[in-house]
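Heads up: the structure comes next, in structure tokens.
Just so it is clear, the structure is predicted and the values come from calculations on it, not from any experiment. This chain uses plain numbering: 1 for the first residue, then up along the sequence.
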Amino acid sequence: MRRQTSEFRKVKKVKKMENKTVIKSGISFGSVLAITISWSVNHSIIWAIIHGCLSWLYVIYYAIIR
């Protein structure tokens, strides 16, 4: 019984580590897309940063408006 419990705990630890690596993977495709669209429309770094933070919300907004 103890072996099964310790193996189960090891599996849980591995799964937690996998989630952390996904979160740490950097800037997302949605952010890059939003920054690119914002720069091409506004030519403003401040708006590009703001739209990059909003990422997919701005991309969907742009797709509906344009």
Would you please test Val41 and Tyr62 for side chain to side chain contact (heavy atoms under 4.5 Å, CB included) and show each step?
-> CA-CA 10 Å; Val41 172; Tyr62 181 80; 3.6 Å; yes

Residue that, paired with Tyr61, satisfies side-chain contact (heavy atoms from CB on, under 4.5 Å) out of Val59, Ile65, Leu57 | Ile65

With a cut-off of 6.0 Å (strictly less than), are more than 12 heavy atoms of other residues, nucleotides or ligands near CH2 of Trp47?
-> no

Under a 4.5 Å cut-off applied to non-hydrogen side-chain atoms, are Tyr58 and Leu33 in contact?
-> no

Honestly curious: do Ile37 and Phe29 fall in one hydrophobic cluster under the side-chain, below-4.5 Å linking rule?
-> yes

Please round to the nearest 0.5 Å and tell me the distance separating atom SG of Cys53 and atom CD1 of Ile35.
-> 8.0 Å

Whether Ser31 side chain and Ser55 backbone form a donor-acceptor pair below 3.5 Å = no

Taking all heavy atoms of His51 and all of Ser38, pick out the closest pair and write down the distance.
-> ND1-OG, 2.7 Å

